[in-house]
There are 2 protein chains.
Amino acid sequence: MSTVRKAVSLLELFTLEEPEIGLSDLARKAGLDKATARRLLMALAEHRLVEQEPASRRYRLGAGLTRLARIRDAQLPLVPVAIPILRKLSQQTGETVHLSEYSAGALLTIHVELSAKANRVNVNVGQILPLHGTASGIALLAFARDEVRRDCLEAPLTAFTTYTMTDADKVRQAVRLAAERGYSRSAQGYEEGVHSVAAPILGSDGYPIGTVAIASPVSRAGDSVAAIQGAMAIEAARSITARLIGEVVEPAGRMPT
Amino acid sequence: MSTVRKAVSLLELFTLEEPEIGLSDLARKAGLDKATARRLLMALAEHRLVEQEPASRRYRLGAGLTRLARIRDAQLPLVPVAIPILRKLSQQTGETVHLSEYSAGALLTIHVELSAKANRVNVNVGQILPLHGTASGIALLAFARDEVRRDCLEAPLTAFTTYTMTDADKVRQAVRLAAERGYSRSAQGYEEGVHSVAAPILGSDGYPIGTVAIASPVSRAGDSVAAIQGAMAIEAARSITARLIGEVVEPAGRMPT
DNA sequence: CCCATCGGTTCATTATTCGAACCGCCGTTT
DNA sequence: AAACGGCGGTTCGAATAATGAACCGATGGG
């Protein structure tokens with residue numbers, strides 16, 4: 001594996017649950033030698049992508065990431081634009097709503113508005129979602145470029161639950177349905193007990209850059225509820241798209257039927 | 001130079017002014033061979049730290065950065081906590097206000113609220129500020145750990161304008177004054193025509209993690225104005241500190257007089 | 001008091017990175 | 001239309017940087 005890949009994979013070990021990690025632990029988790037891990041960390045620290053807590057000597061993600069992320073956000077301000085809309089959507093539906101951004105064959109969860117209800121779906125910021133196993137992914141595929149769809153469907157489709165669609169044709173069919181309806185629907189494809197509905201956010205070229213999803217416990221999500229949620233997800237995604245681009249954008253293409 | 005450093009320095013070439021860069025250009029700016037730059041970019045792209053625009057084939061910062069930054073922010077939510085306070089401060093003073101975070105011997109500008117006035121100071125998100133040449137830096141040094149102060153003052157002090165303090169003793173004196181007053185003041189030390197006042201935001205250990213600064217054109221910043229701004233900066237920084245930690249924190253130490 | 005584990009360092013060995021030269025492509029200039 | 005220059009991308013022997021077992025001193029729980 002290339003050195004850079006190793007270094008970045010160190011960064012990816014930090015999660016919401018474990019935001020600070022010691023050297024030995026880090027090396028073990030990454031499958032690297034301690035010396036190697038340290039050299040990489042020092043290089044990352046020099047550019048402030050990681051920091052070392054002076055007291056505990058443990059490592060955590062650095063401020064340089066915030067800096068770089070804000071440079072990126074300035075040109076594509078998805079998060080700040082989307083937050084108020086997501087919040088409203090969460091309040092209206094009473095369910096957890098999350099925003100994901102497409103990047104290199106997967107969706108990255110970049111914001112979450114949790115439902116106020118006691119029985120709710122918990123989604124974590126930072127989670128990486130597979131395209132074929134989630135409503136968000138299906139919604140994205142439905143409006144993505146042909147290559148994206150092809151790349152996803154040609155790769156082996158891993159199962160996350162017993163409900164995950166692992167047959168490319170099944171996925172293709174779900175994508176087709178989403179392309180027709182404008183929103184996707186998926187139950188327990190990625191996590192047990194979770195039902196989701198999602199719609200794509202489009203970039204200025206008319207291809208999706210991310211998705212809005214509404215996640216409910218399966219117990220609360222019948223067909224009629226899903227249809228309503230679908231319409232609301234579309235509405236929210238359109239609204240975010242419009243604010244992002246400054247004008248209304250039509251999808252550049254969708255999965256042919 | 002280590003491979004990782006090269007890779008990260010590629011990331012740092014992206015700025016607000018130039019958020020998308022082509023391969024050759026990128027290699028030239030980084031002083032790397034085209035082949036090398038590409039290999040590094042591919043590794044970064046794999047982890048979504050950069051993305052390639054499919055149409056133009058140019059590169060830009062990736063969504064993975066947003067993801068990682070949000071994991072970090074979740075544990076140290078400086079930006080979301082600070083924004084409303086900064087905005088109010090900017091409105092009250094009529095000046096540009098910015099938030100910086102300390103990391104590895106420098107301050108990273110992570111949020112800016114621009115003044116509404118026509119004649120205002122423009123500060124860019126993502127700028128890296130030196131400790132000795134800015135009000136923010138002086139404010140931080142005034143309350144920082146001894147080692148931080150030592151490291152900064154022992155290194156050669158580069159001049160950014162003809163006004164920059166390059167004499168360690170002069171800086172030391174400014175830091176002492178800031179430690180007394182609780183806020184720092186600096187004119188044209190980093191950019192011509194800019195006057196700034198800053199106060200430190202403290203972490204739970206009582207040492208500064210960042211600063212709030214008010215930046216005005218020198219023409220608008222007399223002594224009395226500066227004193228008022230200083231008090232307001234302190235107030236804002238205290239308020240952010242309190243919200244961050246959940247309680248009022250006293251500085252763990254300050255530059256001895 | 002000991003043993004385990006921590007963060008960190010060293011240096012001969014080895015695997016990875018490097019980069020000049022090379023594609024094919026496209027838009028401009030001659 | 002031919003020649004050109006710059007682009008993104010690729011190749012492969014030479015050169016360099018990464019590697020990891022062994023080692024340090026410090027820390028802390030049994």
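Within every chain, numbering begins at 1; the chains are lettered A, B, ... in the order of the sequence lines, protein sequences first and strands thereafter.
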Expected list for residues 6-14 of chain B near DNA chain D, using heavy atoms below 4.0 Å, is none
Value for CE (B/M165) from CZ (B/F160), rounded to nearest 0.5 Å, stands at 11.5 Å
Taken in chain and number order and not counting sequence neighbours, the residues that satisfy salt bridge (charged side-chain N to carboxylate O under 4.0 Å, His left out) with A/E12 are B/R67
- Query: Tell me, do B/L202 and B/I209 make a side-chain contact under 4.5 Å, heavy atoms counted?
  - Reply: no
Sorted by chain and residue number, the salt bridge (charged side-chain N to carboxylate O under 4.0 Å, His left out) partners of A/E46 (sequence neighbours excluded) come out as B/R5
Which atom pairs, donor and acceptor, lie under 3.5 Å between side-chain atoms of residues 54-65 of chain A and protein residues at least two apart or in another chain?
| residue | atom | partner | partner atom | Å |
| --- | --- | --- | --- | --- |
| A/S56 | OG | A/R58 | N | 3.3 |
| A/R58 | NH2 | A/E20 | O | 2.9 |
| A/Y59 | OH | A/Q52 | NE2 | 3.3 |
| A/R60 | NE | A/E20 | OE2 | 3.2 |
| A/R60 | NH1 | A/E51 | OE1 | 2.5 |
| A/R60 | NH2 | A/E53 | OE1 | 2.2 |

Salt bridge (charged side-chain N to carboxylate O under 4.0 Å, His left out) filter on A/D167, not counting sequence neighbours, yields none
Which donor-acceptor pairs under 3.5 Å do the side chains of residues 126-145 of chain A make with protein atoms, sequence neighbours left out?
| residue | atom | partner | partner atom | Å |
| --- | --- | --- | --- | --- |
| A/H132 | NE2 | A/T158 | O | 2.7 |
| A/T134 | OG1 | A/P130 | O | 3.0 |
| A/T134 | OG1 | A/G137 | N | 3.0 |
| A/S136 | OG | A/T211 | OG1 | 3.2 |

Note: contacts of residues 19-26 of chain B with DNA chain D (heavy atom, under 4.0 Å) are B/G22, B/L23, B/S24
What one should report as the nearest heavy-atom pair of B/I71 and A/T15 is CG2-C, 3.7 Å
Could you list the protein-to-nucleotides 11-14 of chain C atom pairs, N/O on both sides, closer than 3.5 Å?
none

Nearest heavy-atom contact between B/L99 and B/A82 is CD2-CB, 3.7 Å
### Task
Kindly indicate whether the side chain of A/L78, heavy atoms from C-beta on, has any atom under 4.5 Å from the side chain of A/L244.
yes
message: When you compare the side chain of B/T164 with that of B/Y190, does any pair of heavy atoms fall below 4.5 Å?
response: no
Heavy atoms of A/L108 and A/S103 approach each other most closely as CD1-CB, 4.2 Å
Here the residues of residues 52-65 of chain A within 4.0 Å heavy-atom distance, strictly under, of DNA chain C are A/Q52, A/R57, A/Y59
Outer limits of DNA chain D sitting under 4.0 Å from a non-hydrogen atom of chain A, read 5' to 3', are D/dA18 to D/dA21
Heavy-atom closest pair (B/K34 atom, B/S24 atom, distance to 0.1 Å) is CD-OG, 3.6 Å
Angle separating the five-pair end axes of the helix from C/dC1-D/dG30 to C/dT30-D/dA1, nearest 10°, is 30°
Any A/E154 side-chain heavy atom under 4.5 Å of A/C152 side chain:
no
**Message:** Can you confirm whether B/R238 is buried at CZ, in the sense that more than 12 heavy atoms of other residues, nucleotides or ligands lie under 6.0 Å from that atom?
**Reply:** no
Check: Is it the case that more than 12 heavy atoms not belonging to A/Q173 sit under 6.0 Å from its CD atom?
Finding: no
Between B/V125 and B/L16, the two heavy atoms sitting closest are O-CD1, 3.6 Å
B/R28 and B/D25 ion-paired at < 4.0 Å: yes
Here the residues of residues 27-42 of chain B within 4.0 Å heavy-atom distance, strictly under, of DNA chain D are B/R28, B/K34, B/A35, B/R38
Heavy atoms of A/D33 and A/A35 approach each other most closely as OD2-N, 2.8 Å
Working note: A/R70 + A/D73, criterion salt bridge (charged side-chain N to carboxylate O under 4.0 Å, His left out); need CA distance, chi angles, decisive distance, verdict.
CA-CA 5 Å; A/R70 303 214 111 224; A/D73 269 15; 5.9 Å; no
